[in-house]
Amino acid sequence: MKSRYLEVIAGAVSLGIVLVLGIVAHSISSDLPDQQAAMRWSDNGNVSQISCYFAEGSQMTPEIFENFRHSLDSLLQQESITVESENPGARLWVDCYSAEGSVILSGSRNQMTVDAMGVGGDFFLFHPFQLMAGAYFSGNDLMQDYCVLDETAAWQLFGSNNIAGQTVNIGGVPHVVSGVISHPKGRLYEAAGLTESRIYLSYESLVKYGESRGINHYEILMPDPVDGYAMEKVKTGLNMHDREAEYIENNKRFSFQNIYHVIKSVGTRSMSGKAIIFPFWENVARGCEDMVALCLLGMALGLVYPVVFSVYGFIRWKKRNAVTLKGVLRRVYKKGAGCLKCIWARIKAHMRRKMAEEDMEEVSDEEMDE
Amino acid sequence: MSENRSKRKDIIKNIAIVFLTVLLILTFFSQTIMNYSLPQVATAYVANDTITTSIRGTGTVEAADPYSVIIGDDKAESATTHKISKIAVQEGDEVEKGDILFYLDEKSNSAIEEAQKAYEEAQAAYETALLSEGVNASVIAQANNSFDAEQYSKQLIEAQKEVDARQKDVDDIQKVIDAFELQISITGSENQNTGVVNAQKAVNEAQKVLAEAPDKLNKAMEAFAAAQGEQQSATDKLNAANSAYEAAVAEGKTEEELNVLVGEVTKAQTELTQAQSKAQDAQKKAEEAQKVADDAPAALEKAQKALDSAKLDQQNSLLNLNQQLATYQLNKKNAENILAEKKLILDTLTGNKGAIISLKDAKEALEDAKKALSEAKKEQVDSVILADLAGTITAIRFKSGESVSTGEEVMVIRPAGQGYTLSVPVTLEQSRKVHVGDGASLVNNWWYEEVKIVLRSIRPDPSDPARKRLLVFDVEGDMTEGQNLTVSIGERSTPYEMVVPNSSVREDNNGKFILIVESKSSPLGNRYVATRVDVQVIASDDTKSAITGALSGWEYVITTSTHPINAGQLVRLSENG
């Protein structure tokens with residue numbers, strides 16, 4: 001008796017572990033807003049977020065992306081993929097690109113060299129960092145002399161977060177602080193390189209007034225009417241050699257298939273044959289992939305005991321009650337036959353009753369006629 | 001048994017008490033628990049406000065019309081280098097006209113001496129050419145004028161062409177004269193004048209016809225008589241055949257015999273027909289011969305008259321031809337005179353050519369030598385360079401001891417009274433927001449005093465003329481050339497009814513939207529729900545955006561939140577409002 005209780009408790013604990021690991025995996029995967037742009041953009045699930053990372057020295061320029069945008073517009077129009085919304089400002093796709101570098105900032109208190117990310121397009125739509133003050137800026141704005149500081153840089157330069165609208169000199173040229181953001185914190189983010197102060201400014205300003213290491217990242221949200229459509233169009237449109245670019249479909253990163261591939265690639269996942277340096281959000285996502293893969297592995301192991309226990313219990317019960325397949329079938333047959341007989345008897349009784357009622361009505365009619 | 005039952009009841013009672021207690025606690029603190037689990041949002045009013053757009057840009061201040069100080073003549077054919085011994089001014093110094101700017105090492109005059117010697121030699125060669133044979137006033141005049149060998153050759157060619165053309169005229173006139181003379185000889189000859197010859201032939205022919213007419217008439221008449229005779233005999237023959245036939249018929253001859261007689265009748269008819277035809281022909285010929293004989297005298301007379309007329313025409317033609325011949329002979333004489341004149345010109349030009357060329361070469365050599373001498377004199381620069389105008393030294397390109405070539409900019413002076421310009425690159429869209437004449441203000445303007453900046457022009461940016469523009473400003477004030485300025489221009493405030501902070505405008509594939517907070521009352525207190533409202537952004541500046549949408553105004557719009565929010569989600573308001 002006691003051992004049976006222990007078995008049941010062990011099974012429950014295993015299931016509990018599976019549940020907890022599942023919750024943890026879901027929590028990890030849903031806590032990455034950089035990977036959920038597709039969900040924010042469309043509820044229908046027919047949109048894909050594609051991220052492209054280019055090797056060092058690939059010499060990507062904004063003009064290359066401009067040409068790709070025009071060709072994408074023509075392609076979507078040819079394939080009759082159009083905006084379905086009635087809102088006249090609705091867009092079919094959005095994109096952004098970014099380049100890493102560094103700039104020298106001068107504020108009201110002091111001067112410092114910070115890591116910089118020169119961005120173009122709707123960068124903050126893909127990376128909605130938490131805004132402490134102000135607002136994001138976009139590559140579609142009229143003026144491109146805005147910048148967004150992280151709170152560390154804001155405190156060091158101004159001693160405050162509430163500095164939206166202030167000017168900060170970048171390379172001696174005034175730029176308007178449009179907002180202050182707070183980066184996520186944690187072991188993964190620190191390991192991904194998010195330890196220093198950071199500023200986000202337009203790519204043009206980074207090239208003119210700072211040091212740019214070239215555009216290495218490009219992201220796009222676009223329609224994906226069938227699986228793989230968006231990925232194929234982006235690869236064809238950008239036309240980079242396989243060794244010079246890495247393409248990721250972010251919205252499928254934490255799908256069961258992808259995590260299974262991560263598990264399968266243990267041993268080779270750490271190898272890198274491409275000269276690509278990932279930005280911090282991609283490094284964090286890869287770390288989370290590993291963690292979710294571990295959770296999935298743990299869930300699989302956790303399910304082993306309940307499954308084995310259930311199978312064993314079934315076999316034991318079967319032997320105890322001398323349950324055979326033939327016996328089960330015979331019982332099912334008897335039961336079924338009995339049910340059918342019962343149903344047929346009821347139908348017959350109902351028919352008899354109906355006929356009797358009709359006879360009664362005829363007799364009463366005849367009597368009435370007489 | 002009853003002990004077990006009471007124990008079980010106690011356990012159940014305890015469990016129920018614990019459960020109810022937990023339920024009560026959770027109910028009392030449900031609002032608090034729920035609030036802490038909801039995302040916290042900051043809000044702002046949708047209110048009427050103004051949108052103030054401005055265009056900002058950075059450029060480098062330049063002097064409006066800088067004056068470059070160079071040494072020597074920058075148009076000299078060959079540049080020479082000079083060493084700067086001392087620079088007497090510094091950047092920023094104000095100089096007046098005539099002030100010393102810098103000193104140069106002295107240069108030798110050997111180049112001038114050589115040029116002087118070459119000039120004197122060329123002078124002597126020219127005088128020798130003037131006194132040489134074949135040089136006359138005309139040659140000198142042509143050599144002194146702007147002589148062009150090519151032009152002279154063209155003149156020679158033209159003169160030759162004229163001579164050829166006049167010779168051709170003379171030859172053409174001669175051909176015409178020859179033709180006239182031939183025509184006169186033909187017309188004057190009775191054997192060659194076609195009209196006379198033909199008329200004479202006609203007379204001879206008429207005479208011949210007259211002479212032969214009677215004989216022919218007689219012959220024709222005789223032939224006609226013979227034909228008549230034949231016709232008569234054929235008629236008699238036919239009559240005989242007919243009589244024989246009739247007689248045979250009357251005699252009742254056999255058919256075969258009758259057929260023979262019929263055959264003879266037929267034959268006689270045929271012969272008669274032929275004789276009749278022959279007689280008719282003979283008659284016609286006789287009548288024609290008669291007509292000819294009758295007309296012959298008149299024809300002869302007519303032909304004789306025609307011959308007289310042709311001879312008269314011949315005389316008239318000869319007279320006309322002789323008159324024309326005289327005219328052409330006169331023309332020929334005139335053409336020969338003109339030809340003689342042109343030949344004289346050609347001979348003169350040909351004769352003068354050599355002399356003109358020699359004299360011209362000598363004159364050009366003299367002028368070249370003169371030019372070289374003046375160039376050599378120009379290249380010699382002064383040892384002290386003075387300021388040509390008053391102004392401020394804005395740039396010094398060289399240091400003392402360095403070498404500088406003639407024509408190279410040594411320093412730049414901003415003339416006194418001139419201002420500065422500032423060129424700011426902007427995008428095409430930004431340039432459309434500003435207008436020429438707009439005033440601009442400096443960003444960080446507390447560093448400068450009394451600076452006035454006005455937009456003077458908008459030009460295409462040479463680096464990207466299709467997509468970029470240059471805003472060119474006039475700048476007045478205390479400035480330094482080369483410093484960077486950031487200006488703000490085009491600040492126009494426009495009021496709008498619905499203005500929200502930029503951070504509240506969001507976007508997805510259905511376009512731009514805002515999330516407003518709507519409150520709903522519930523038994524446990526007010527609940528706040530984020531509700532989506534589709535909007536369009538009609539204007540925006542650095543901090544605010546003007547929107548249109550299904551809003552009545554004064555709604556609470558969500559600006560920021562602690563977690564991502566979807567429409568329809570419950571939220572809690574920030575304690576800071």
Side-chain angles (χ1 to χ4, degrees), chain A residues 30-31 33 36-44 46-47 66 83-94 122 124-125 128 130-138 140-146 164-165 167 169-179 181-182 204-205 208-209 221-223, chain B residues 39 42 53-59 425-427 429-433 442-445 464 467 483-488 490 500-513 533-545 547-549 559-568:
Chain A
S30 60
D31 201 27
Q36 295 168 351
M39 276 173 48
R40 290 194 296 274
W41 188 251
S42 169
D43 298 329
N44 297 339
N46 57 353
V47 165
E66 193 63 39
V83 174
E84 294 171 357
S85 169
E86 291 174 358
N87 192 336
R91 292 191 279 177
L92 204 51
W93 52 266
V94 287
D122 292 283
F124 294 101
L125 197 141
Q130 186 175 0
L131 266 175
M132 308 302 287
Y136 305 124
F137 66 88
S138 162
N140 300 321
D141 291 340
L142 182 67
M143 295 305 301
Q144 290 295 302
D145 61 349
Y146 297 117
T167 56
N169 278 349
I170 299 176
V173 174
H175 285 67
V176 177
V177 178
S178 77
I181 59 155
S182 167
E204 287 83 9
S205 288
K208 262 195 221 168
Y209 308 117
L221 276 171
M222 59 175 284
Chain B
T53 54
S54 68
I55 306 300
R56 293 180 296 275
T58 303
V426 295
T427 64
E429 199 183 339
Q430 289 166 356
S431 71
R432 288 179 181 147
K433 303 280 183 187
L442 286 174
V443 177
N444 300 337
N445 59 357
D464 190 356
R467 294 188 297 180
Q483 73 180 105
N484 279 347
L485 286 183
T486 302
V487 296
S488 174
V500 295
N502 285 341
S503 58
S504 60
V505 178
R506 301 156 201 272
E507 186 179 5
D508 66 4
N509 69 340
N510 286 320
K512 288 190 162 51
F513 65 96
V533 177
D534 288 336
V535 299
Q536 288 180 55
V537 175
I538 49 179
S540 63
D541 62 14
D542 295 342
T543 54
K544 308 185 288 287
S545 293
I547 58 173
T548 57
T559 55
T560 56
S561 63
T562 53
H563 296 96
I565 302 171
N566 293 325

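Every chain is numbered from 1 and lettered A, B, ... according to where its sequence line falls, protein lines coming before strand lines.
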Leading residue by heavy atom contact count with chain B [cutoff under 4.5 Å; candidates A:Leu221, A:Asp141, A:Val176, A:Asn44]: A:Val176
Could you check whether atom CD of A:Glu66 has more than 12 heavy atoms from other residues, nucleotides or ligands sitting under 6.0 Å from it? yes
With a 4.5 angstrom heavy-atom cut-off, which part of B:Val535 approaches chain A: side chain, backbone, both or neither? backbone
Describe, in one word, how the ring planes of A:Tyr136 and A:Phe124 are oriented to each other, choosing from parallel (under 30°), tilted (30 to 60°) and perpendicular (over 60°). parallel
Side chain, backbone, both or neither of B:Thr543 within contact of chain A (heavy atoms, under 4.5 Å): neither
Quick one about A:His175 and A:Ser205 (side-chain donor to acceptor, distance below 3.5 Å, no hydrogens or angles considered), yes or no? yes
Below 4.5 Å from any heavy atom of chain B, which atoms of A:Tyr146 appear? Answer side chain, backbone, both or neither. side chain
Heavy-atom check, side chain of B:Asp508 versus side chain of B:Phe513, under 4.5 Å: yes
Residues passing the side chain to side chain donor-acceptor pair (under 3.5 Å) test with B:Asn502, sequence neighbours excluded, are B:Ser545
Are B:Thr58 and B:Leu485 side-chain neighbours, meaning at least one heavy-atom pair lies under 4.5 Å? no
Among B:Lys512, B:Arg506, B:Arg56, who wins on heavy-atom pairs under 4.5 Å with chain A? B:Arg56
Checking A:Leu131 against chain B: side chain, backbone, both or neither under 4.5 Å from a heavy atom? both
Look at B:Val426, B:Asp542, B:Thr427, B:Thr562 and state which one has the largest set of heavy-atom pairs under 4.5 Å with chain A. B:Asp542
Can you check whether B:Asn510 reaches A:Asn87 side chain to side chain, under 4.5 Å on heavy atoms? no
Examine whether an atom of B:Arg467 lies under 4.5 Å from a heavy atom of chain A, and if so say whether it belongs to the side chain, the backbone or both; otherwise answer neither. side chain
Given heavy-atom pairs under 4.5 angstrom as the criterion, report whether the side chain, backbone, both or neither of A:Arg40 touches chain B. backbone
Quick check on B:Gln430 against chain A: is it the side chain, the backbone, both or neither that has a heavy atom closer than 4.5 Å? both
Does A:Gln144 reach the main-chain N or O of A:Glu204 with its side chain, forming a donor-acceptor pair under 3.5 Å? no
Which atoms of B:Asp541 come close to chain A, meaning under 4.5 Å heavy atom to heavy atom: side chain ones, backbone ones, both, or neither? backbone
Side chain, backbone, both or neither: which part of B:Ser561 has a non-hydrogen atom closer than 4.5 Å to chain A? backbone
